[in-house]
Number of protein chains: 2
Amino acid sequence: MVAKPLSVCENPAPKEASKIIEEAISRRKALIIIGSCWVDYHGRASSSLELGERILMIKEDGSLLVHRSVGYEPVNWQPPGCIFQTGVTGDVLSIRALRRKPREALKIYFDKIYLVSALSLADEGKFSLHASEEDMQKAILAQPSLVEKGLKLITYEKKVEPGFVDVYGVDEDGRMVIIEIKRKTAGREAALQLARYADSVKKSTTREVRGILVAPKVARGVQKLLTALGLDFKQLDPRKCAEILGRSETKGLREFL
Amino acid sequence: MVAKPLSVCENPAPKEASKIIEEAISRRKALIIIGSCWVDYHGRASSSLELGERILMIKEDGSLLVHRSVGYEPVNWQPPGCIFQTGVTGDVLSIRALRRKPREALKIYFDKIYLVSALSLADEGKFSLHASEEDMQKAILAQPSLVEKGLKLITYEKKVEPGFVDVYGVDEDGRMVIIEIKRKTAGREAALQLARYADSVKKSTTREVRGILVAPKVARGVQKLLTALGLDFKQLDPRKCAEILGRSETKGLREFL
DNA sequence: GAGTGGATTTCGCAT
DNA sequence: ATGCGAAGTCCACTC
C-alpha cells in the first residue's frame, strides 16, 4: 500500500498551518499554500511584494515559488537547497527560506491562509526533449551534407581562443569551415560571435577560413551583416534535424563519435 | 462581500474534474490540479514526459505549468495566451493547451486526479525590485563620480554600430568615455562587447576613446583581457547603487533626465 | 568552486 | 510584429 499522496487542510489557523508545514518539510514532502501574503527578498537583489492572494509552492528539494494569478514566472522564488523556518506572530504566519551561496533570504508573511496541502508525489517518469541545438549539432555530424555538399567534418565543439566553435570542418575546396549553430532566428550577436571565431582561427592558420551560420532564419539586417563580414548562411530547421536523428541516429553518428 | 477565494474537490471522477476545469477557465479562474499524468509537447521543440504524479497550474492569463516534486523550473509549460480543451476518454482526463505564434500544443493526460482547486485570487499588490542593472545606470547618471572623478556624462543608451552603449561621456582630460555596466561578475563577453563598441566609436571620431567596464567583479583572466584591449575596469556594487538611489534619487538624476 | 553558454528561456522595451 | 538585451534568470557541463 502506498502512502496517501496528499493531505488537504482548508482555512487552518496560523498555528495549525505552521505545524503542517514544519511536519511536511521535515518529512521531505512538497507543499502548496494558498492565501493572502506579502513577501520580502534580499540577496542578489532586493524586492518587496505587497499584500495579495497568491500560491506558494515548496518542493521536496527545498525550492520555493510564489505565484501570482498571472504570468509564467513566479514573482518571488528561491532555488533548491533552502533551509526553512516558520513562525507565528499574532494572526500572521511567517515562512523564511534561507540560502547560502549566494546568501539570500526570502520571507513570506501570510495574514490569511485558505489552503495548506502536503504532498508525497511519486514521480519516476522519464522526460525527453527533442529539437534542441544539441540535436541540430548531432544531425549535422551525422549528415554534413545538410550544411553543404562535400563538407567533411573534423571536430565538434572545437575550442579556439575566445570560446567555442560549434562544428569545425573542411569544404570540398579544402578550405577550413567554422559552423555556428542556432536553433532559432539568429541575431546580430550570433553573426558577430562567428566573425570573432573566424578571425581567431584565421590568425592561427595560413589556410582560407570560411564561417557558416546555420539557423532556421536570420533576423532582419543580419544577412547584410553576414555579407559584410564575409560569412555564409545555411537555413536549417531544428525540427528537421530531430526527424533526421529519429531515422538515422544509429547510423552515421555513432561511427563519428 | 467578496467571492469565495477557492473551491476544493478531492478525488473527483474525470467527468467531474472536467466540468470544474472548464467552468473555471471560462470564468477566468486559476486552477491547481494534482494527480498522476503524462505529458506531450510539440512546438518550438518536442518533448514527452512519462507517467508520474505532478502539480498542474493553470493561470487566469492562460499560462500553464506542470511541476514535478523537485526543481525550480516546470518540467513542461505553456506561456500566457493558451486556448484550453478538456476531454474525457474512459478514465482518462485530457487537457490540451494550444497557442498560436508560435504554434505549439501541450497535452496532459490524467489517469488519477487527487485534487482540483479553482481559485479567484485578488492580487493588486505592487512588486518592486532593486539592484538591477538599470539601477546601476541610474546611480551612475545621478553621480558620475561613482565611476571616476571628473567624469561628465553626455548621454545614455547611445546607439553605436553593433548595438547600444550603456553610458557615454567625457573624462576630465577631455577623452571620450563609453561605459558598459554589468550587475554581476563580468565575463569575457562583456569585455569583448565593450571593445567592439569602443572600436566602433573610434572609427567615427579623431578624439581619444576610453572604454570602462563597470561591474562588481571581473571573472578570472578578464582583467588581463581588459588590459590587452586597452580597457579600464571600475568596481561598483549594484547594492551600493540601490542605496544611493534610495537616498538621492530626487536630486541629480531628475535634472539629468 | 568558478566560468561558459543554451533555453520550448520569459519579459519588457524600442523600432 | 520583430528585434534586442537583461534576468535575483536556471541549468548542465567543463576546467
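Chain A is the first sequence line, chain B the second, and so forth, proteins listed ahead of strands; every chain is numbered from 1.
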For every nucleotide of nucleotides 6-11 of chain C, 5' to 3': is a protein heavy atom under 4.0 Å from its base (B), only from its sugar-phosphate (S), or from neither (-)?
SSBBBS
Whole-Å gap separating P (D:dA6) and CZ (A:Arg188)
14 Å
Do A:Arg28 side-chain atoms and A:Glu60 backbone N/O form a donor-acceptor pair below 3.5 Å?
yes
Could I get the full list of side chain to side chain donor-acceptor pair (under 3.5 Å) partners for B:Asp61, not counting sequence neighbours?
B:Ser63
List the residues meeting side chain to side chain donor-acceptor pair (under 3.5 Å) with A:Ser128, not counting sequence neighbours, and say none if there are none.
B:Ser48
Using the P atoms only, state how far D:dC4 lies from D:dG8, rounded to an integer number of Å.
23 Å
For A:Glu134, which residues count as a salt bridge (Lys or Arg N to Asp or Glu O under 4.0 Å) partner, sequence neighbours excluded?
A:Lys138
Sorted by chain and number, sequence neighbours left out, salt bridge (Lys or Arg N to Asp or Glu O under 4.0 Å) with A:Glu104 holds for A:Arg44, A:Arg99
Would you please name every residue forming a side chain to side chain donor-acceptor pair (under 3.5 Å) with A:Lys29, sequence neighbours left out?
none
Filter on salt bridge (charged side-chain N to carboxylate O under 4.0 Å, His left out), then keep only pairs touching residues 209-221 of chain B, sequence neighbours left out; what's left?
B:Glu148-B:Arg210, B:Asp171-B:Arg210, B:Arg210-B:Asp232
Hits for salt bridge (Lys or Arg N to Asp or Glu O under 4.0 Å) against B:Asp123, two or more places apart or cross-chain, chain-then-number order -> A:Arg54, A:Arg68
Which residues share a side chain to side chain donor-acceptor pair (under 3.5 Å) with B:Asn76, sequence neighbours left out
B:Ser47
Using heavy atoms and a sub-4.0 Å distance, could you list which residues of residues 209-236 of chain A are near DNA chain D? By number, please.
A:Ala219, A:Arg220
Stretch residues 57-70 of chain A: residues that reach within less than 4.0 Å of DNA chain D through a heavy atom
none
List for me each residue that meets salt bridge (Lys or Arg N to Asp or Glu O under 4.0 Å) alongside A:Lys59, sequence neighbours excluded, and say none if there are none.
none
Pick base, sugar-phosphate or nothing for B:Gly187, based on heavy-atom distances below 4.0 Å to the nucleic acid.
sugar-phosphate
